Undergrad: 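Okay, handing you the structure first.
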Protein chains: 2
Amino acid sequence: MANASAAQRLHEDLNLIINTADPGEQLPSEPVLAQQLGVSRATLREAMRTFETQGLISRRQGIGTFVLRPANVIESGLEVLESIESQAQSIGLPVNFGELDMVCRPAKAGEAEALGLGEGEKITQISRVILAEERPVAYLIDTLPVQVLTCDEIEADFSGSVLDLLLKRGDPALVSSRCEINAVAASSDIARMLNLQRGDALLRFVSSLYDLSGKVVDYSLSYFIPGYFRFHVVRQVVGL
Amino acid sequence: MANASAAQRLHEDLNLIINTADPGEQLPSEPVLAQQLGVSRATLREAMRTFETQGLISRRQGIGTFVLRPANVIESGLEVLESIESQAQSIGLPVNFGELDMVCRPAKAGEAEALGLGEGEKITQISRVILAEERPVAYLIDTLPVQVLTCDEIEADFSGSVLDLLLKRGDPALVSSRCEINAVAASSDIARMLNLQRGDALLRFVSSLYDLSGKVVDYSLSYFIPGYFRFHVVRQVVGL
DNA sequence: CAGTGGTCTAGACCACACG
DNA sequence: GTGTGGTCTAGACCACTGA
């Protein structure tokens, strides 16, 4: 026990380097840093993963690795459904979105089932990366029936949040959302968009948003970088 | 786009192999399998991670890699606090624990703060791996003031759940728990205990359990292997 | 172009299980 | 001992950025 692997020692070394560095500072290149720390580049990269998901460093291909100033954390209770944008606004955090991808197409089998539609019925799908203080912090995919939301409506007025758009419109009348929570490893695609390494740990919400009639009006996948969020929930104790 | 990396293609290949194999079947050794699939061992191991956290394969050092039968999922709403043991029992899933580690020692700074104690006051700490159907599915660490729970009491009667023990005793009167949810990469230690690879994505709960007087009676860290759990929560929509 | 991070390979050595 | 998975290394090649 207490058998310090190279990875563990390296983690501490990196911790020191990153905490000592000034925000904005560029670290030595990976080959150089690996040699300085006496490990291979593969091991160094492995150790750097944690610091990335904690929002402490940013690595940009073709440019370099940079130390970030401590991140502002978006804190949120899970009992109520509120958009990231709305939460960020309430703590004065500037948030916008990038890499918006919007399509209108027939629903695939899984999508149709999640939305209570027939396969092939038209859906609107919106994917985007959420940026807080210019840093990618989450990747969101919303899927809705076109009857609920069309691409035109999004182009006309989109703040980054489908929820806020629907609430502003006031129709359909939204009631609640059922949200499944899990941890996943970042795929290549998602890692690239969030500027992470593939395999990094992400928090994933799979949510179904219901209207007054009990219909699903929005099925969404949300990927959050751990270091930028603090989700909590109060759980009631039930007797034996 | 749709640029299939080696890792992505490999993921599909492995998916086919694993789904085709019978439960209990042993896969070829890593060097052999890597050659068969035309990738390096490092890439193969990387691709296998996902299947491990999904509970589809088990790798045991010195023995081999085995295909598991599909896992039973423990489903749980987060609104109420219930032990894994209790949840598993209600769906007829056999659960026990292993690797129990129990200590009684002075609180470190962070622990003292979490429990509202002075630094150095005695605490009881219980760590154990939870096994469902003989498979490790979670790693739990509970920290309590000795005034609330002593090691002797645990040795006398421990089912794997501190919550159940306190409820059974009926004192102190438990009210609710505040739980923070995040995703983390498995450390070497935790990976070993859960029979995973270091760096695998885990779901982590950090919880404080309160009694009637508002005091924290249990501070706990819980690590869950994603494939064995489905946590959900209903979120209410609040108007603009 | 040169320099960066992103990916992948081949191979070494270790720790562990089993005969 | 042999054979397995766990860890780490050195180095190659690619994709991207910015001068």
Side-chain angles (χ1 to χ4, degrees), chain A residues 1-11 13-14 25-49 51-52 57-68 99 136 185-200, chain B residues 1-11 13-14 25-49 51-53 57-68 136 185-200:
Chain A
M1 193 55 94
N3 170 18
S5 67
Q8 285 173 314
R9 280 182 282 105
L10 187 55
H11 189 89
D13 293 343
L14 271 178
E25 189 173 321
Q26 180 170 5
L27 294 181
S29 73
E30 291 184 354
V32 170
L33 192 54
Q35 192 175 14
Q36 284 179 7
L37 296 172
V39 297
S40 70
R41 203 182 141 207
T43 304
L44 173 65
R45 282 178 60 75
E46 163 68 30
M48 283 180 147
R49 300 169 81 143
F51 296 96
E52 245 184 323
I57 61 172
S58 168
R59 315 157 83 176
R60 288 188 295 182
Q61 186 170 4
I63 308 183
T65 301
F66 301 85
V67 176
L68 301 174
E99 308 234 11
S187 67
S188 286
D189 291 342
I190 293 181
R192 191 178 332 110
M193 285 185 293
L194 290 178
N195 193 20
L196 296 174
Q197 246 184 289
R198 171 169 52 89
D200 281 357
Chain B
M1 192 56 94
N3 170 18
S5 67
Q8 284 173 314
R9 279 183 284 104
L10 187 54
H11 189 88
D13 293 343
L14 271 178
E25 190 173 322
Q26 180 171 5
L27 293 182
S29 73
E30 292 184 352
V32 171
L33 194 52
Q35 192 176 12
Q36 283 180 6
L37 296 172
V39 296
S40 71
R41 205 183 140 205
T43 304
L44 173 65
R45 283 179 60 73
E46 163 68 31
M48 282 180 148
R49 300 168 82 141
F51 297 97
E52 245 184 324
T53 58
I57 61 172
S58 168
R59 314 158 82 176
R60 288 188 294 182
Q61 187 171 5
I63 308 183
T65 301
F66 300 85
V67 176
L68 300 174
S187 67
S188 285
D189 291 341
I190 293 181
R192 190 177 335 108
M193 284 185 293
L194 290 178
N195 192 20
L196 296 175
Q197 247 185 288
R198 171 169 51 91
D200 281 358

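Because the structure is predicted, anything quoted here is derived from the model rather than measured. Order of the sequence lines fixes the chain letters, A, B, ..., with proteins taken first and strands second; residue numbering starts at 1 for each chain.
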Undergrad: Take atom CZ of A:R192 and atom P of D:dC14, then tell me their distance rounded to the nearest Å.
TA: 18 Å
Undergrad: Whole angstroms only, please: what is the CG-C1' distance between A:L27 and C:dG3?
TA: 16 Å
Undergrad: Please identify each residue that fulfils side chain to side chain contact (heavy atoms under 4.5 Å, CB included) with A:Q61, with sequence neighbours left out.
TA: none
Undergrad: In whole Å, I'd like the distance from the CD atom of A:E30 to the P atom of D:dT9.
TA: 14 Å
Undergrad: Around atom CD of A:Q36, are there more than 12 heavy atoms of other residues, nucleotides or ligands at under 6.0 Å?
TA: yes
Undergrad: To the nearest 10°, give me the bend of the helix from C:dC1-D:dG18 to C:dC18-D:dG1, comparing the axes of its five terminal pairs at either end.
TA: 0°
Undergrad: What residues, two or more places apart in sequence or in another chain, satisfy side chain to side chain contact (heavy atoms under 4.5 Å, CB included) together with A:E46?
TA: A:R49, B:R198
Undergrad: Looking at B:T43, I'd like to know whether one of its side-chain N or O atoms comes within less than 4.0 Å of OP1 or OP2 on C:dT7.
TA: no
Undergrad: Which is true for B:G199 with a 4.0 Å heavy-atom rule: it touches a base, it touches only sugar-phosphate, or it touches nothing?
TA: nothing
Undergrad: Write down the distance between CG (A:N195) and C1' (C:dT4), rounded to a whole number of angstrom.
TA: 13 Å
Undergrad: Strictly by salt bridge (charged side-chain N to carboxylate O under 4.0 Å, His left out), give each pair with a member in residues 31-44 of chain B just once, sequence neighbours left out.
TA: B:E30-B:R41
Undergrad: Taking CD from B:E46 and P from D:dC8, how many angstroms apart are they, rounded to a whole number?
TA: 15 Å
Undergrad: Does NZ or CZ of B:R60 come closer than 6.0 Å to the centre of the six-membered ring of B:F66, within 45° of the ring's axis?
TA: yes
Undergrad: Tell me the interatomic distance from A:Q197, atom CD, to C:dT7, atom C1', rounded to whole angstroms.
TA: 10 Å
Undergrad: If you check the A:R198 side chain, which of C:dT7, C:dG5, D:dT4 turns out closest?
TA: C:dT7
Undergrad: Ignoring backbone atoms, establish whether A:R9 has a side-chain N or O less than 4.0 Å from OP1 or OP2 of D:dT7.
TA: no
Undergrad: Whole-Å distance between C:dG6 P and A:M193 CE?
TA: 16 Å
Undergrad: Does A:R45 have a side-chain nitrogen or oxygen under 4.0 Å from the phosphate oxygens OP1 or OP2 of C:dG6?
TA: yes
Undergrad: Contact between B:E52 and B:S58 at the side-chain level, heavy atoms closer than 4.5 Å - yes or no?
TA: no
Undergrad: Could you tell me which residues satisfy side chain to side chain contact (heavy atoms under 4.5 Å, CB included) with B:E25, sequence neighbours excluded, listed by chain and number?
TA: B:A21, B:D22
Undergrad: Closer than 3.5 angstrom, by distance alone: can the side chain of A:Q26 be matched with the main-chain N or O of A:I63 as a donor-acceptor pair?
TA: yes
Undergrad: Quick one: are B:H11 and B:F51 in side-chain contact, heavy atoms under 4.5 Å?
TA: yes
Undergrad: Quick one: what's the B/S/- string for nucleotides 10-19 of chain C, heavy-atom cutoff under 4.0 Å, read 5' to 3'?
TA: --B--BBSS-
Undergrad: Check this one for me: any side-chain N or O of B:T65 less than 4.0 Å away from OP1 or OP2 of D:dT4?
TA: no
Undergrad: Whole Å only: how far is the CG atom of A:L33 from the P atom of D:dT9?
TA: 13 Å
